[in-house]
Each structure stands twice: as structure tokens, then as C-alpha cells.
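Heads up, the thing below is written out as C-alpha cells.
In this chain, residues are counted from 1 in sequence order.
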Amino acid sequence: MVFVVTSTLFIDSPHRTPTPKRSLFAITEVRWAIAATALFLLGVAAKLADSAPWTWWTLLLACYVAGGWEPALAGLKALRERTLDVDLLMIVAAIGAASIGQVVDGGLLIVIFATSGALEAVLTQRTADSVRGLLDLAPQRAWLLLPDSREREVDAETLRIGDEILVRPGERIGGDGEVVDGSSEVDEASITGEPLPVPKQRGNEVFAGSLNGTGVLRVRVTREPKDSVIARIVEMVEQASATKAKTQLFIEKVEQRYSVGVVVATLALFAVPLLFGAVLEPTLLRAMTFMIVASPCALVLATMPPLLAAIANAGKRGVLVKSAVAMEQLGTVDVVAFDKTGTLTEGTPQIVGIITEQDENEMLALAAAAEQFSEHPIGRAIVAEARRRELRLPAAGDFQATPGVGVTARVSGHSVFVRRHDSQHNTAVEVVVDGRQVAVIELADEVRPSSQAAVHELTVLTGQSPVLLTGDNHAAAQRIAAAVGISEVRAGLLPQDKVQAVRKMSGNVLFVGDGVNDAPALATAHAGIALGHKGSALTVDTADAVVVGDDLRVVPAVVALARRARRVVIANLVIAGTFIVVLSAWDLFGTLPLPLGVAGHEGSTVVVALNGMRLLAFGRRPRVR
């Protein structure tokens with residue numbers, strides 16, 4: 001079964017409205033699954049209320065039709081292609097159960113498979129929506145500069161290498177290229193994950209889809225639109241999602257051979273004795289008994305209830321796992337890779353120190369007064385800290401912002417210049433009053449309080465330290481890695497570089513990220529977890545699981561829970577397999593009474609279901625081991 005987290009992707013593009021997502025009820029499989037479930041519940045209620053048999057039989061048979069026609073049709077189509085799947089076998093087993101009076105058991109089997117098929121269809125739709133949503137990041141229009149100095153708005157897809165485009169303040173850059181004139185600060189978070197806008201001037205590279213700041217840029221296109229970084233992100237997500245879509249639960253991997261084996265054995269039990277003169281009725285009864293006891297009901301329940309119970313348990317912890325397949329994959333991870341900005345860190349700059357020989361609060365108030373009209377993240381951080389300290393901000397005038405440099409303003413009769421520059425480890429601003437430096441304010445993207453504990457627990461859980469993969473600079477990455485206990489750092493990575501890094505890591509990789517630039521790595525990794533509180537909608541849709549809050553400690557908790565669920569699945573498969581082998585052997589080599597066969601078959605399903613549901617009551621945080 002598949003559980004899907006949905007969200008809306010908001011893109012601040014003036015040229016394109018984000019791609020709408022279809023309602024779940026627009027999916028045919030969902031509507032039929034709901035109808036089948038409702039009919040089944042009504043039928044069971046009618047039976048328990050001692051209604052007339054025809055009443056609940058009608059409701060349950062209607063459940064068979066509503067939930068079974070699609071898998072039956074798919075099974076028949078598979079037969080035409082000379083393959084046999086477990087869906088058709090389930091339909092036959094359900095019909096067989098109804099033919100001997102076990103209509104409720106057959107209805108339950110129908111509901112399980114109808115729901116599973118519906119939710120798989122939902123996941124397929126959401127994956128397609130995710131890729132379409134990513135396309136919304138790419139600008140659809142650009143201002144092309146003509147030889148006579150005029151401008152013409154064109155489709156960004158028509159740009160060619162050598163074309164020059166004009167990018168005004170607040171616009172998304174139309175193509176990958178090089179700045180040939182102008183200066184500004186560009187938000188490249190969607191491409192590199194860098195938390196702060198990057199100063200751009202003549203000679204600097206810019207990327208399609210990144211957001212221009214307050215300056216005007218003239219950009220020469222250096223890559224064809226189909227080769228831009230954002231286009232390659234789209235391609236990587238599509239390819240990786242298609243590859244991961246082939247992943248199946250363990251039981252599904254053997255369904256073809258198992259189904260063929262059961263059908264062949266059933267037909268042989270019916271046909272061979274008749275060839276030797278056996279009586280029709282007892283021979284048919286034996287074959288039907290074998291079909292019932294050998295049907296994979298218990299095997300299906302051996303897999304689904306533990307994984308679904310684990311999904312429900314994870315949901316209580318604030319982690320939405322999208323499918324049983326995803327939960328199974330989380331239980332097999334060997335190594336973890338983290339993004340930095342917005343994942344291990346808060347994703348926004350905060351003041352970590354003020355160096356001054358004068359009153360610290362007075363210098364902060366001057367800087368905040370000058371920055372109060374600024375939209376730059378550094379300016380907002382300075383103003384936020386001043387308000388947190390409840391400082392009174394003097395009035396400011398003559399405000400002027402210079403991209404990549406800083407801001408100037410007239411505050412209480414003094415000329416205040418807040419100038420930005422990078423120190424060795426942190427971002428810093430110099431506060432200059434009337435031409436004299438009076439303070440240096442240091443800012444940094446602070447580590448999440450839960451990051452260190454999460455890294456430690458994952459190290460214990462997997463037996464090796466997580467790896468940090470980031471598009472930020474090496475010095476900033478090393479500072480964060482040292483703070484959380486990560487020894488291996490790979491910095492300055494573009495989205496395609498993260499994908500290659502994930503592919504080269506040995507074992508089953510769990511990638512944890514939050515930004516658009518993390519989507520290809522999330523799709524490529526064996527399992528992906530996104531931070532949904534501040535993460536992009538695309539990342540949430542691409543990942544296998546989503547952390548609703550900010551507490552990273554739930555990541556090792558859900559991995560440990562998935563491992564526990566995997567152990568329960570294995571135990572259930574052993575139990576279910578044992579019942580099937582014993583009962584089938586009894587029917588093949590002895591005389592298994594039909595009521596005893598049904599009781600044994602139903603008993604095995606109850607045992608494995610209850611064993612799996614134990615994970616729902618697992619209230620304590622699982623031990624990391």
C-alpha cells in the first residue's frame with residue numbers, strides 16, 4: 001500500500017502559474033477502492049446485525065465487483081501476454097472462498113488489493129506532478145537584447161548560446177550564462193543550496209531559475225536551455241524516479257512463480273485424479289481446499305500489516321512515510337548522507353557575536369536602524385536580533401542599498417554604513433559610523449539543536465558516520481560538520497554532483513535534505529527523507545518520507561522502527577510459509593478436511609496480522625541498534 005504526502009508548489013514567477021495537482025478522487029482506482037471498502041463494511045455490519053443473508057451477501061458480492069474488476073481485468077490482460085500475477089490469483093481465491101461460504105474473508109482480500117492498487121496509482125500521479133512542478137522553477141520568458149539596443153520578450157527555450165538577456169530586479173534569470181554588465185545579488189538556493197544571496201558582477205556565472213536581487217544584470221547565455229542546470233535537475237529527477245518506481249515489496253518479487261505454482265498444482269490435483277477414474281465431487285473439493293490453503297492471503301498480510309503499522313507509528317512521531325515499499329527500504333539503509341543548509345542547520349543567518357569597544361546594544365541598534373528597510377537576509381537577521389533584545393531603533397533616512405556591498409543610511413544625524421564581507425568561518429558585517437569602523441557583527445547559519453544527537457544515533461545505528469554533501473563553501477561546511485560530529489565533508493556540489501556522490505557511496509544510502517537542489521539526490525538514493533517544515537514542495541513530493549517538524553532525532557528513530565518492522569515481516573513470512581507448507585502437504589499427501597483447512601488458513605492470517613499490528617502499540621522510542 002502507498003501513503004502519499006501532498007503539497008502545493010508556489011513559484012514566484014510572473015510568467016507561469018504552478019502546475020495544479022489532480023484531486024485524489026479524480027483517480028479511478030481511488031474511487032473504486034473507496035466503494036469496495038464501504039460495501040465491505042456495510043456487508044459486515046449487516047451480517048453482525050443478523051440481517052437477512054441475502055442482504056449482506058448482496059453487499060459483499062457488490063464489494064467483489066467494485067474492488068475486483070480492475071485487478072481481474074489486469075490479470076486477464078497479463079494472461080494474454082503469457083504471464084500470471086498474484087492479483088488474478090487473489091481474485092480466484094476470493095471467488096473460491098465465496099463459493100464455500102467464506103464470503104467475508106474473500107471480501108477482505110478484495111479490499112486489501114483494491115486499496116493497494118489505488119494508493120499505488122496515487123503515488124504514480126504524485127511523482128509525475130513533482131517533475132512537472134520542477135519545471136515551474138525554470139523561467140518561461142526572458143528579455144532578449146537586440147543589436148539595435150531594443151528589448152524583446154521571448155520564450156526562454158528559444159535562447160541560444162551568445163544571446164544577451166536583460167534581468168531586472170526580482171526576475172528569475174532566463175538562462176545559464178555569464179554577467180557582462182551590472183551588479184546584483186542572486187538567490188541561488190534552488191540550485192546550490194547556498195543560504196545567502198551571492199554577489200554577481202561582470203565575469204560571474206549565473207544559473208537559469210535563480211532569482212535576481214535589487215540590481216540589473218546583462219547576461220550572455222553560455223548554455224542551451226536543454227543543457228541548463230535546472231533542466232538537468234529535471235532530467236535527473238525523472239530518470240531516478242523511473243528507476244525507483246520499479247522497486248517492489250519482497251512478496252511481489254516472487255508473485256509470478258508462486259502464482260503459477262499454485263495454479264498448476266490446483267489444476268493437477270483436479271485433473272490427474274479424474275484421469276485415473278476418481279469421483280468428481282471429492283476431487284473438486286480437494287483441489288478447492290488446496291487453492292484456499294495455498295492462497296497467499298497470509299503472505300500478503302505477513303508483509304502489509306507490519307509495514308503499515310510502522311507507517312502509522314512513524315506518523316505519530318512526526319514522520320510521514322509514503323509507502324510500504326519506502327518503509328521497507330528505510331529498514332535496509334547502510335549509510336546516511338545529509339544536506340547542510342536547512343537540514344543540519346536552520347537555513348537562515350543569525351547573529352553569533354558582536355565585536356566592539358563600545359556598548360554592544362547601541363552598535364546593534366545603529367546597524368538595525370540602517371538595515372530596517374533592507375530585504376537582504378543579513379539585514380533581516382540584524383533587525384530581528386535587535387527586536388529580540390527589545391532595542392529602540394532610531395529613525396533613519398537617505399537609505400541606499402548597494403548590491404554585494406551593503407547599505408548606507410542617515411541615523412540620528414550620523415552616516416551609518418553597514419558593509420558586508422566574509423570572515424574565515426562566518427559571514428560578517430562592519431558597522432562604520434561617520435567613516436570610522438565601530439563594530440563587527442558576525443552571523444552564521446546555526447546548527448539545529450537536534451542535529452548532533454541525530455548524527456550520533458545514526459552513526460550507532462548504521463555503524464558508520466554520516467556524510468555531509470553541500471553546495472556551500474568548504475569552510476562553512478567544515479564548521480557545521482565539526483559541530484555535529486561528521487568527519488567526511490564534500491562541499492561546493494551542484495545538484496548533479498550530489499547525485500554522483502550518492503551513487504559512488506557503498507551500500508544503501510539514505511539521503512536527508514530540504515531544498516530543490518536536493519531533489520535529484522533524494523530520488524537517486526536508496527531512500528530519501530525530506531524536511532517538510534521549511535522544505536520545498538518538490539523535495540517533499542520526491543522523498544520517500546517527510547519529517548513534519550524540525551526535530552532531526554526522528555530520522556534515526558524511524559530508521560530503527562523500519563528495521564524492527566523488517567524483522568517482523570521476516571518472522572511473519574516464516575509463520576505464513578510454515579502454515580502453507582504444512583496444510584498444503586496435508587492436503588496433497590493426506591485428507592485435509594475443508595473446515596480444518598479453512599480454519600488453519602484463516603488462523604495463519606490472524607496470527608501474522610496480529611503480530612504485525614504489535615508495532616502500533618510500540619509507544620516507546622525504539623532502541624538504536
Return yes if some donor-acceptor pair links the side-chain N/O of Asp339 with the main-chain N/O of Thr470 below 3.5 Å, else return no. no

Assess whether side-chain contact (heavy atoms from CB on, under 4.5 Å) is satisfied between Val179 and Val206, documenting all intermediate values. CA-CA 7 Å; Val179 177; Val206 292; 3.8 Å; yes

If you compare all heavy atoms of Ser210 against all heavy atoms of Phe207, which two are closest, and at what distance to 0.1 Å? OG-O, 2.5 Å

Just how far is it from atom CD1 of Ile165 to atom CD1 of Ile173, taken to the nearest 0.5 Å? 7.5 Å

Test item: Val335 and Thr462 side chains (from C-beta on) under 4.5 Å apart, heavy atoms: no

Donor-acceptor pair, distance only, cut-off 3.5 Å: does the side chain of Gln372 make one with the backbone of Ala369? yes

Over all heavy atoms of both residues, which pair between Ala527 and Val333 is shortest? Give the atoms and the distance, please. CB-CG1, 4.2 Å

Using the side-chain contact (heavy atoms from CB on, under 4.5 Å) rule, pick out the option among Val447, Val512, Asp514, Leu468 that qualifies with Leu344. Leu468

Out of curiosity, Ser506 OG to Asp334 CG, how far, rounded to the nearest 0.5 Å? 8.0 Å

Going by heavy atoms in the side chains, are Glu346 and Asp445 under 4.5 Å from each other? yes

Determine the minimum heavy-atom distance between Ala386 and Leu393, stating which atoms define it. CB-CD2, 4.0 Å

Short side-chain to backbone donor-acceptor contact, Asn212 and Gly215, under 3.5 Å: yes

Kindly indicate whether the side chain of Val186, heavy atoms from C-beta on, has any atom under 4.5 Å from the side chain of Pro197. no

Name the residue from Asn313, Val547, Val321 that meets the side-chain contact (heavy atoms from CB on, under 4.5 Å) definition with Val558. Val321

Are the side chain of Glu457 and the backbone of Ala454 linked by a donor-acceptor contact shorter than 3.5 Å? no

Minimum heavy-atom separation for Ala545 to Val319, with atom names? CB-CG1, 4.1 Å

Would you mind reporting whether Ile351 and Leu364 have side-chain heavy atoms less than 4.5 Å apart? yes

Which distance, rounded to the nearest 0.5 Å, do you find between the CG of Leu493 and the NZ of Lys340? 12.0 Å

Shortest non-hydrogen contact between Gly331 and Ala562, atoms and distance: N-CB, 3.4 Å

Which is it for Arg566 and Thr332 under the side-chain contact (heavy atoms from CB on, under 4.5 Å) test, yes or no, and what are the steps along the way? CA-CA 8 Å; Arg566 186 168 180 264; Thr332 59; 3.2 Å; yes

Using modelled atom types and a 3.5 Å cut-off, is there a donor and acceptor pairing between side-chain atoms of Ser450 and backbone atoms of Leu552? yes

Taking the side chain as every heavy atom from C-beta outward, state whether Ser374 and Phe399 have any pair of such atoms under 4.5 Å apart. yes

Looking at Arg448 and Thr343, would you say the former's side chain and the latter's main chain have a donor-acceptor pair under 3.5 Å? yes

Nearest-0.5 Å distance, CD1 of residue Ile529 to CG of residue Leu522: 9.5 Å

For Pro199 and Glu185, the nearest pair of non-hydrogen atoms, with its separation, is CA-CG, 4.0 Å

Going through the checks in order, is the salt bridge (charged side-chain N to carboxylate O under 4.0 Å, His left out) test met by Glu205 and Arg223? CA-CA 11 Å; Glu205 183 180 24; Arg223 293 192 188 97; 3.1 Å; yes

Compare all side-chain heavy atoms of Asp518 with those of Phe511 and state whether any distance is below 4.5 angstrom. yes

With sequence neighbours excluded, what pairs up with Arg389 under the salt bridge (Lys or Arg N to Asp or Glu O under 4.0 Å) test? Glu360, Glu385

Once you round to the nearest 0.5 Å, how far does CD of Gln500 lie from CG of Leu494? 12.0 Å

Could you check whether any side-chain heavy atom of Ile382 comes within less than 4.5 Å of a side-chain heavy atom of Val429, counting everything from C-beta outward? yes

Between CE of Met363 and CG of Leu391, what distance do you get to the nearest 0.5 Å? 11.5 Å

Side-chain contact test, heavy atoms from C-beta onward, threshold under 4.5 Å: evaluate it for Val555 versus Leu510 and give yes or no. yes

When you measure from the side chain of Gln329 to the backbone N and O of His526, does any donor-acceptor pair fall under 3.5 Å? yes

Pair Val502-Leu469, side-chain contact (heavy atoms from CB on, under 4.5 Å): steps then yes or no: CA-CA 9 Å; Val502 167; Leu469 306 178; 4.0 Å; yes

Can you find a side-chain donor-acceptor pair between His474 and Gln478 that sits under 3.5 Å? yes

Would one find more than 12 heavy atoms of other residues, nucleotides or ligands at under 6.0 Å from atom CZ of Arg380? yes

Using the salt bridge (Lys or Arg N to Asp or Glu O under 4.0 Å) criterion, which residues pair with Glu488? Sequence neighbours excluded. Arg490

List the steps, then state whether side-chain contact (heavy atoms from CB on, under 4.5 Å) holds for Val484 with Phe338. CA-CA 11 Å; Val484 300; Phe338 278 102; over 6 Å; no

Enclosure of Arg202 CZ (heavy-atom neighbours >12, cutoff 6.0 Å): no

